[in-house]
Structure formats: C-alpha cells, structure tokens
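Notes to accompany the following structure.
Here is the naming used below: chain letters follow the sequence lines, and residue numbers restart at 1 for every chain. What's counted below: heavy atoms across the whole structure, side chains too, no hydrogens, waters or symmetry copies.
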Number of protein chains: 2
Amino acid sequence: MGISDMIARFITEMLEEANGIAELQRAELAARFNCVPSQINYVISTRFSPEHGYIVESRRGGGGYIRIKRVKGPQKQRIMHIVNAIGNQIDTASASAFVTNAYNSGLISRNVAKLIMAAVSDNALRPLQGEQRDEVRANLLKHLLIYTNS
Amino acid sequence: MGISDMIARFITEMLEEANGIAELQRAELAARFNCVPSQINYVISTRFSPEHGYIVESRRGGGGYIRIKRVKGPQKQRIMHIVNAIGNQIDTASASAFVTNAYNSGLISRNVAKLIMAAVSDNALRPLQGEQRDEVRANLLKHLLIYTNS
DNA sequence: TATGATAAGGTCAGATAAGGTCAAACTCGC
DNA sequence: GCGAGTTTGACCTTATCTGACCTTATCATA
C-alpha cells in the first residue's frame with residue numbers, strides 16, 4: 001500500500017471518529033506522513049471527490065484548514081446512486097429529472113430542489129454555452145446534491 | 001479563530017446591542033485585543049466593507065472615533081441594491097461578502113446562504129478557471145439572490 | 001492669533017502563515 | 001516496455017499580522 005492509501009485511510013478514520021466531518025492542516029498531515037503537502041491535495045482529489053461522496057472546503061492564510069465532509073444519513077446509497085448516474089455533462093432536462101428524483105426520494109426539500117434547479121438553469125449559467133455549460137452544470141449539480149446531504 | 005475574527009465578533013456584538021451603530025476607539029480596541037491599531041483597520045476593511053452592508057465614518061485627532069453603521073432600508077430595495085453592486089465578475093471573497101450581507105439583512109436564511117455559497121464556490125465551478133469562473137460566479141450569484149427573493 | 005504639544009485615526013509595504021496548481025519524474029503491474 | 005497511478009517540487013494565491021511613517025484635530029499658551 002502506497003502513501004496515498006495510508007493518508008486516505010487516516011482521513012477516513014478521522015471522519016469516522018468525528019461523525020463525518022474532518023478538519024485537517026495540510027502541512028501537518030504531510031509532515032506526519034513524510035510527504036510533500038501537495039500530495040494531500042492529490043489524495044483529496046482522487047479519493048474524496050463528490051463522486052466518492054465527499055465535499056471539501058478550505059481556507060488559505062493564517063488559520064487556514066481543509067475540511068472534508070462525507071455524505072451521511074440513511075439515504076447515503078440513494079444519493080450516491082444519483083450522483084454517479086450524472087455524467088460529466090448534462091442538459092437541463094436531465095438535470096431536472098435527477099433533481100425531481102432526489103426530491104421524490106425525500107433526499108432534498110422542495111425549496112432546496114427549486115434552488116438547485118435555479119442554480120443549474122441555462123439562465124444561471126448564461127455566460128457559458130454548449131458542452132462547457134453542460135459540463136459545469138453536471139459538476140455543480142453533483143456538488144450541490146452532496147453538499148445538501150452532508 | 002484568529003484575532004481578526006474575535007475583533008469582528010466583538011464589533012458585531014456592539015452593533016447588535018446598539019441598534020446597528022457602533023462607535024469605537026481604535027487604540028482602545030487594539031489594546032483590548034492586544035494587537036497593533038492598524039489591525040483594526042484591517043478587520044474593518046475585510047469584514048465591514050460596503051459590500052458587507054456597512055458604512056464607516058471616522059474622525060482623527062482629539063476626540064476621534066470610528067463609527068460603523070449597518071445599512072438599513074426596505075428589503076425590496078436592499079436586494080436590488082446588492083444585486084446591482086455585483087459586477088460582471090466576482091471572486092469568492094466578494095461573493096461571500098454579498099451573501100453575508102443578504103443574510104444579515106434578513107433577505108435569505110442561513111441555510112440558503114450556505115447553499116448559495118456552495119454553489120458559487122471554486123469547487124462547484126471547478127471546470128472553469130480565471131475570468132470565466134468569476135464571470136459565471138457573478139451571474140449565478142445574481143440569479144440566485146433574485147430567485148430566492150421572488 | 002500663531003504655534004507647538006498632544007491625541008487621535010490612516011496608509012502601505014513587508015513578514016508570516018497557510019493552502020492551491022501544474023507538470024515533470026517516478027513506479028509498478030501487465 | 002508501456003501506461004495508469006503516484007510522488008515530488010517549483011511557483012502561485014490568499015489571509016493575517018506588524019510596524020514605520022503620515023495626516024488631521026484639539027488645546028494651551030505665548
């Protein structure tokens with residue numbers, strides 16, 4: 001097992017101990033595993049992506065941190081099923097279908113469903129066109145679905 | 001939490017206690033938090049800017065002061081005011097300021113504020129970079145603020 | 001009524017403390 | 001030997017903190 005796997009396991013343990021929310025310091029973690037700090041980013045982007053059921057927030061500067069949240073609750077399977085069914089690009093019609101699906105499954109409230117629809121609408125993504133718009137839409141949709149369930 | 005955050009919290013409490021108007025002495029506040037006076041200016045410019053919905057007045061010399069006022073006004077106007085102040089491009093820091101402003105103005109709930117922040121975060125807009133990302137962010141932010149207030 | 005002492009607040013650049021990005025180099029199983 | 005996955009490091013961006021120096025206002029008092 002390589003270093004990346006050990007770091008991933010460590011983070012997973014943190015998440016389990018802290019009810020699905022782990023806050024870490026990149027430099028400290030890197031020091032602990034004797035690797036360069038950017039390897040932490042590598043681990044996060046390859047193993048803690050929305051597709052894996054995680055959302056990540058971070059802050060730079062003094063007092064900075066990286067916070068990793070895991071999708072939780074009894075609906076975990078269903079939300080991951082939906083998120084993984086969303087490809088790398090998606091149009092409004094399909095996005096709408098997924099959001100409706102999530103709403104009908106009780107994963108998100110009516111208001112959140114509407115807000116997410118507003119966020120992934122063509123109008124909201126106006127500056128973009130074609131494939132790029134569908135790509136951002138897919139990313140945004142996954143992100144928001146995981147976010148509201150973590 | 002760093003010193004700047006504590007100072008900001010302190011000022012916020014002053015504002016709450018005094019109906020949206022806080023008058024303070026820079027040197028006294030700096031002494032209270034054991035920091036240099038210019039840090040007070042730093043806190044004010046990063047957390048009590050017009051974008052955040054505050055107006056700041058001050059006077060030098062003997063009897064000098066710094067007065068911070070929360071902007072008031074009817075909600076309908078507030079939201080349009082905020083939306084109009086958002087340009088064609090916006091970075092995360094400014095976006096965060098505007099969302100905080102909307103929340104403080106009672107225009108959006110805490111949860112909606114968080115969802116909007118998630119939607120306009122760098123991670124959610126990942127496929128995009130640079131100016132394009134800031135452009136989409138601005139558009140998305142305006143869209144969502146208007147949506148949640150219609 | 002000038003004038004200098006004193007009492008504020010303002011500005012800005014540099015130091016420090018984080019995290020982010022990207023591409024090159026490396027490894028290891030097939 | 002090749003390619004996916006991993007490791008590394010140079011360089012970038014953002015946030016915070018600090019101090020030297022500047023500007024403005026008030027007040028005695030000559």
With heavy-atom distances below 4.5 Å as the criterion, would you say the side chains of [X] and [Y] are in contact?
X	Y	result
B:E28	B:I40	no
A:I108	A:L144	no
B:L140	A:L140	yes

* Within the structure, does a side-chain N or O atom of A:Y42 lie under 4.0 Å from either OP1 or OP2 of D:dT6? -> yes

* May I ask you to evaluate whether B:Q39 reaches the phosphate of D:dT16, defined as a side-chain N or O under 4.0 Å from OP1 or OP2? =>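 No, because none of the side-chain N or O atoms of B:Q39 sits under 4.0 Å from OP1 or OP2 of D:dT16.
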
* To do: Say whether B:Q75 and B:S105, considering side chains only, have a donor N or O and an acceptor N or O under 3.5 Å apart.
  =>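 On atom types as modelled, these side chains do not qualify, holding no pair under 3.5 Å.
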
* To do: Answer yes or no: is there a donor N or O on one side and an acceptor on the other, between the side chain of A:N139 and the main chain of B:N123, under 3.5 Å?
  => yes

Separation of [N] [atom2] from [X] [atom1] (nearest whole Å):
X	N	atom1	atom2	value
A:I44	D:dT7	CD1	C1'	16 Å
B:F33	D:dT16	CZ	P	15 Å
B:R133	C:dT21	CZ	P	7 Å

* Checking B:R70 against B:Y54: charged group under 6.0 Å from the ring centre and within 45 degrees of the axis? ->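 That pair qualifies as a cation-pi contact.
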
* Asked: Is A:R67 touching bases, backbone alone, or none of the nucleic acid, heavy atoms closer than 4.0 Å?
  -> nothing

* Do any of residues 9-21 of chain A sit with a heavy atom less than 4.0 Å from DNA chain D, and if so which? -> none

* Between A:R137 and A:D91, is there a side-chain N and carboxylate O pair less than 4.0 Å apart? -> no

* Asked: Once each nucleotide of nucleotides 1-14 of chain C is scored for protein heavy atoms under 4.0 Å, what B/S/- sequence comes out, 5' to 3'?
  -> ------BBBBBB--

* B:R47 to B:A8 - nearest heavy-atom pair and separation ->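 Heavy-atom minimum between the residues: CD-CB, 3.5 Å.
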
